[in-house]
Participant: 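Sharing a structure with you now.
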Amino acid sequence: MKALTLQEAINLLNKVGENFSLNEEFLPLQECLGRFLAQDILCKNPLPAFDNSAMDGYAVNTADEGNKVKILQSVFAGDMQETTLNKNECIKIMTGAKIPKNANCVIPFEKIQEGLNAKDFIVLPKNLEVGANIRKMGEEVSLDSKLLSRGEMLDEYDLAILASQGIAYTKVLESLKIGVFSGGDELKEPWEFSNAYQIHNSNTTMILATLRSFGFYGNYGGILRDKKELLINTLQKPYDVIFTTGGASKGEADFMYESLKECGAEILINGIQIKPGKPIMVAKLKNKFLIALPGNPLGAAVLLRFLIIPFLRQLSGANTYYPQYILLKNSNAFKLKSRMNAMLGEIGSNGFYLTQGGKYNSGEILPLTKSNSIAIFDEHCTEIELGREIKVLPYPMLWSKEKCDIINH
């Protein structure tokens, strides 16, 4: 099975993710941050719910402009009484208070000679504007209009909208069940002693943290030693997605491919033509997915961010899972080999800066900490000129319902 191009891999994952579905659950708003809505939300309480004052002042009728008018009373936000203005009458009104009947304008206190301290009468200025400083019922959101759509990831502002509707519980999609494992006899956990020929396991820490940063939660299952039966047993665990690192490249100790075939899994991706990150494997076993990321930290991190996280969003029922680029000027000219390249960079005030001048390898970690973005170039992009506009994917990814080409050509 030959390695796919990046675009082929993206299209394939989009295709296989179409028929995946999760169950729904009903949760209190306080537990819904970062969860995906399982229903459309329509407006049942228009915003604002009634005509109210946008500032402190006097509620008047513009027909009385230039006249001396009587102050009937003061009305505050939350007052329930109904007030009606007759000719040459007004009320003192505070921000958020309900507009009285027959009032069609609010004059700020500072535009009246006596201001807030007027006792019985005020003189209205001329040239008053109908509707001035009044928030009309439903002008922000009208009754039965759509507030939120199924598949939206709920953030703090979405939750505020739901709360404004008197919604305390809402229906969301269940979270993906994700297991994260590491592979390799040479690995030691960060809390274990390592010899000179061993390395500390950093990949799973990176994977779990990256997942968390995008609203996903993985369970760490430990290090899988290089034994086929351990891999096969792991593939039977009740997860929707299983991550491993290592085991996707060619080598005597890599049993991933054999184990997957023995379990009856369908190999979807067995390598991608990109640097870094070529040795990745994605397979489907019944209704679960296995993602074997490269053992090299930088390659694993890059593919996880711009290829696998979008796939997880699609599996989660998100209505936006296509990454979006931003256009930035290239701030330092550089050359690339004729292949698909994913280059780390830093977004600064003058555009995109290539991390360490592009001088790093896929086994390094430090370049990841120095970067906040990735730019992908096809095999024809071998000379990137200073000042050229390029497509850049920021670490905090931007999402859309529309597929877009994230590759620089």
Participant: With a 4.5 Å limit on heavy-atom distance, are the side chains of Arg313 and Met153 in contact?
Facilitator: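 Sidechains of Met153 and Arg313: in contact.
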
Participant: Does the side chain of Asn14 come under 3.5 Å of the side chain of Glu18 through a donor N or O and an acceptor N or O?
Facilitator: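 There is no such pair between these side chains.
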
Participant: For side-chain contact (heavy atoms from CB on, under 4.5 Å), just list the numbers for Phe352 and Ile326, CA-CA rounded to whole Å, side-chain angles, deciding distance to a tenth of an Å, and then say yes or no.
Facilitator: CA-CA 10 Å; Phe352 177 82; Ile326 56 177; over 6 Å; no

Participant: Less than 4.5 Å apart, any side-chain heavy atom of Pro48 and any of Glu139?
Facilitator: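 The answer is yes; the side chains approach within 4.5 Å.
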
Participant: Kindly compute the distance separating CG (Leu143) from NZ (Lys44), expressed to the nearest 0.5 Å.
Facilitator: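 Answer rounded to 0.5 Å: 6.5 Å.
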
Participant: Tell me, do Ile280 and Leu307 make a side-chain contact under 4.5 Å, heavy atoms counted?
Facilitator: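 Answer yes - side chains close enough.
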
Participant: What heavy-atom pair brings Leu235 and Cys263 nearest, and what distance separates the two atoms?
Facilitator: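 Reported closest heavy-atom pair: CD1-SG, 3.8 Å.
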
Participant: Donor-acceptor pair, distance only, cut-off 3.5 Å: does the side chain of Asn102 make one with the backbone of Pro100?
Facilitator: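 Side chain of Asn102 to backbone of Pro100, a donor-acceptor pair under 3.5 Å: no, none is there.
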
Participant: Provide the closest heavy-atom pair for Ala342 versus Phe306 in the form atom of the first, atom of the second, distance.
Facilitator: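 So the two residues come closest at CB-CE2, 4.1 Å.
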
Participant: Which distance, rounded to the nearest 0.5 Å, do you find between the OG of Ser164 and the CG of Leu162?
Facilitator: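 Reported value, rounded in 0.5 Å steps: 7.5 Å.
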
Participant: If you look at every heavy atom in Tyr169 and Pro28, which pair is closest and at what distance?
Facilitator: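 That closest heavy-atom pairing would be CD2-N, 3.4 Å.
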
Participant: If only atom types and distance count, is the side chain of Asn233 paired as donor or acceptor with the main-chain N or O of Gln236 below 3.5 Å?
Facilitator: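 A pair under 3.5 Å: no.
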
Participant: Would you indicate whether Lys92, at its atom NZ, is surrounded by more than 12 heavy atoms from other residues, nucleotides or ligands within a distance under 6.0 Å?
Facilitator: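 Counting other residues, nucleotides and ligands, NZ of Lys92 exceeds 12 neighbours.
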
Participant: Can the ring centres of Phe334 and Phe377 be said to be less than 6.0 Å apart?
Facilitator: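 Between Phe377 and Phe334, which both carry aromatic rings, the centre distance is below 6.0 Å.
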
Participant: Determine whether a donor-acceptor pair (N or O, by modelled atom type, separation under 3.5 Å) exists between the side chain of Asp378 and the backbone of Met340.
Facilitator: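 No.
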
Participant: Looking at Glu31, Arg35, Gln39, which hits side chain to side chain donor-acceptor pair (under 3.5 Å) with Thr170?
Facilitator: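 Exactly one candidate clears the test, Gln39.
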
Participant: Please check if the side chain of Ser145 supplies one atom and the backbone of Cys43 the other of a donor-acceptor pair under 3.5 Å.
Facilitator: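 A pair under 3.5 Å: no.
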
Participant: So, does Arg305 use its side chain to make a donor-acceptor pair with the main chain of Tyr395 at under 3.5 Å?
Facilitator: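 Yes.
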
Participant: Is a donor on one side and an acceptor on the other found under 3.5 Å between the side chain of Ser316 and the backbone of Leu312?
Facilitator: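 Between the backbone of Leu312 and the side chain of Ser316 there is a qualifying donor-acceptor contact (under 3.5 Å).
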
Participant: For atom CD of Glu129, decide whether the heavy atoms of other residues, nucleotides or ligands shown that lie under 6.0 angstrom number more than 12.
Facilitator: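 No - once you tally the heavy atoms of other residues, nucleotides and ligands closer than 6.0 Å, there are 12 at most.
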
Participant: Leu148 versus Leu154: any side-chain heavy-atom pair under 4.5 Å?
Facilitator: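 Heavy-atom side-chain distance check passes, below 4.5 Å.
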
Participant: Report the distance from atom CD1 of Ile384 to atom OG of Ser331, rounding to the nearest 0.5 Å.
Facilitator: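 The OG atom of Ser331 is 13.5 Å from CD1 of Ile384, to the nearest 0.5 Å.
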
Participant: side-chain contact (heavy atoms from CB on, under 4.5 Å), that's the test. Do Leu211 and Val180 meet it? Break it down for me.
Facilitator: CA-CA 10 Å; Leu211 292 174; Val180 180; 4.1 Å; yes

Participant: Let me confirm one number: the CG-CD1 distance from Asn341 to Ile274, rounded to the nearest 0.5 Å.
Facilitator: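 Here the interatomic distance stands at 7.5 Å.
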
Participant: Which heavy atom in Glu174 sits nearest to a heavy atom in Glu25, and how many Å separate them?
Facilitator: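 Answer, listing the atom of Glu174 first, then Glu25: CA-OE2, 3.8 Å.
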
Participant: Go through the structure and list residues passing salt bridge (charged side-chain N to carboxylate O under 4.0 Å, His left out) with Lys136, not counting sequence neighbours.
Facilitator: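 Asp51.
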
Participant: Just checking Tyr58 against Phe109, ring centres under 6.0 Å apart?
Facilitator: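 Yes.
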
Participant: Considering only heavy atoms from C-beta outward, does the side chain of Leu393 approach that of Tyr325 to under 4.5 Å?
Facilitator: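 Touching, per the 4.5 Å side-chain cut-off.
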
Participant: Can you see which heavy atom on Lys391 is nearest to which on Asp405, and at what distance?
Facilitator: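 It is NZ-O, 3.0 Å.
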
Participant: Apply the test side chain to side chain donor-acceptor pair (under 3.5 Å) to residues Glu364 and Asn361: give CA-CA distance (whole Å), side-chain angles for both, the deciding distance (0.1 Å), then the verdict.
Facilitator: CA-CA 6 Å; Glu364 296 183 32; Asn361 62 62; 3.2 Å; yes

Participant: Does any non-hydrogen side-chain atom of Arg135 lie less than 4.5 Å from one of Thr95?
Facilitator: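 Yes; the side chains approach each other to less than 4.5 Å.
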
Participant: Look up atom CD1 in Ile309 and atom OG in Ser213, then write down how far apart they are to the nearest 0.5 Å.
Facilitator: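 Atom-to-atom, Ile309:CD1 and Ser213:OG are 6.5 Å apart.
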
Participant: Counting only heavy atoms not in Tyr157 (residues, nucleotides, ligands), do more than 12 fall under 6.0 Å from its OH?
Facilitator: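 Count not over threshold, so no.
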
Participant: Where do Val282 and Leu12 land on the side-chain contact (heavy atoms from CB on, under 4.5 Å) test, with the steps shown first?
Facilitator: CA-CA 10 Å; Val282 180; Leu12 179 59; over 6 Å; no

Participant: Tell me if a side-chain donor or acceptor on Asn45 pairs with a main-chain N or O of Gln165 at a distance below 3.5 Å.
Facilitator: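 It does hold such a pair.
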
Participant: How far apart are the closest heavy atoms of Val69 and Cys90, and which atoms are they?
Facilitator: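 The pair with the smallest heavy-atom distance is CG2-SG, 3.8 Å.
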
Participant: When you check the side-chain N and O atoms of Thr62 and Asn104, is any donor under 3.5 Å from an acceptor?
Facilitator: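 On atom types as modelled, these side chains qualify, holding a pair under 3.5 Å.
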
Participant: Is it true that Asn330 and Arg388 share a donor-acceptor pair across their side chains at a distance under 3.5 Å?
Facilitator: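 Their side chains do not contain a donor-acceptor pair, so the 3.5 Å distance test is not met.
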
Participant: Of all residues at least two apart in sequence or in a different chain, which pass the side chain to side chain donor-acceptor pair (under 3.5 Å) check with Asn372?
Facilitator: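 Per chain and number, Asn372 pairs via side chain to side chain donor-acceptor pair (under 3.5 Å) with no residue.
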
Participant: So, does Gln324 use its side chain to make a donor-acceptor pair with the main chain of Glu402 at under 3.5 Å?
Facilitator: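 Such a contact is found between Gln324 side chain and Glu402 backbone.
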
Participant: Counting only heavy atoms not in Met137 (residues, nucleotides, ligands), do more than 12 fall under 6.0 Å from its CE?
Facilitator: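 No, because the 6.0 Å sphere around CE of Met137 holds 12 heavy atoms or fewer from other groups.
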
Participant: Going by heavy atoms in the side chains, are Leu344 and Val302 under 4.5 Å from each other?
Facilitator: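 The answer is yes, as the side chains (C-beta and beyond) meet within the 4.5 Å cut-off.
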
Participant: Could you check whether any side-chain heavy atom of Leu336 comes within less than 4.5 Å of a side-chain heavy atom of Met343, counting everything from C-beta outward?
Facilitator: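 A side-chain contact exists here, since the closest heavy-atom pair is under 4.5 Å.
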
Participant: Would you check if the side chain of Asn332 reaches a backbone N or O of Leu354 as a donor-acceptor pair within less than 3.5 Å?
Facilitator: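 Indeed, once roles are kept as given, a pair shorter than 3.5 Å links the two residues.
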
Participant: Under the side chain to side chain contact (heavy atoms under 4.5 Å, CB included) test, which residues partner Pro108, sequence neighbours left out?
Facilitator: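 Checked Pro108 against side chain to side chain contact (heavy atoms under 4.5 Å, CB included); matches are Met55, Glu110, Lys111, Asn133.
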
Participant: So, taking the atom named CG in Leu368 and the one named NZ in Lys370, what distance separates them when rounded to the nearest 0.5 Å?
Facilitator: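 These two atoms lie 11.0 Å from each other.
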
Participant: Keeping Thr5 on the side-chain end and Glu8 on the backbone end, is there a donor-acceptor pair under 3.5 Å?
Facilitator: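 Yes, because the side chain of Thr5 sits within donor-acceptor range (under 3.5 Å) of the backbone of Glu8.
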
Participant: So among Leu13, Val16, Asp240, which one has a side chain to side chain contact (heavy atoms under 4.5 Å, CB included) with Phe289?
Facilitator: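 That would be Val16; it is the only one of Leu13, Val16, Asp240 passing the side chain to side chain contact (heavy atoms under 4.5 Å, CB included) with Phe289.
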
Participant: Any chance you could lay out the side-chain contact (heavy atoms from CB on, under 4.5 Å) test for Ile10 and Lys403, step after step, and finish with the verdict?
Facilitator: CA-CA 10 Å; Ile10 292 172; Lys403 183 183 292 187; 5.7 Å; no

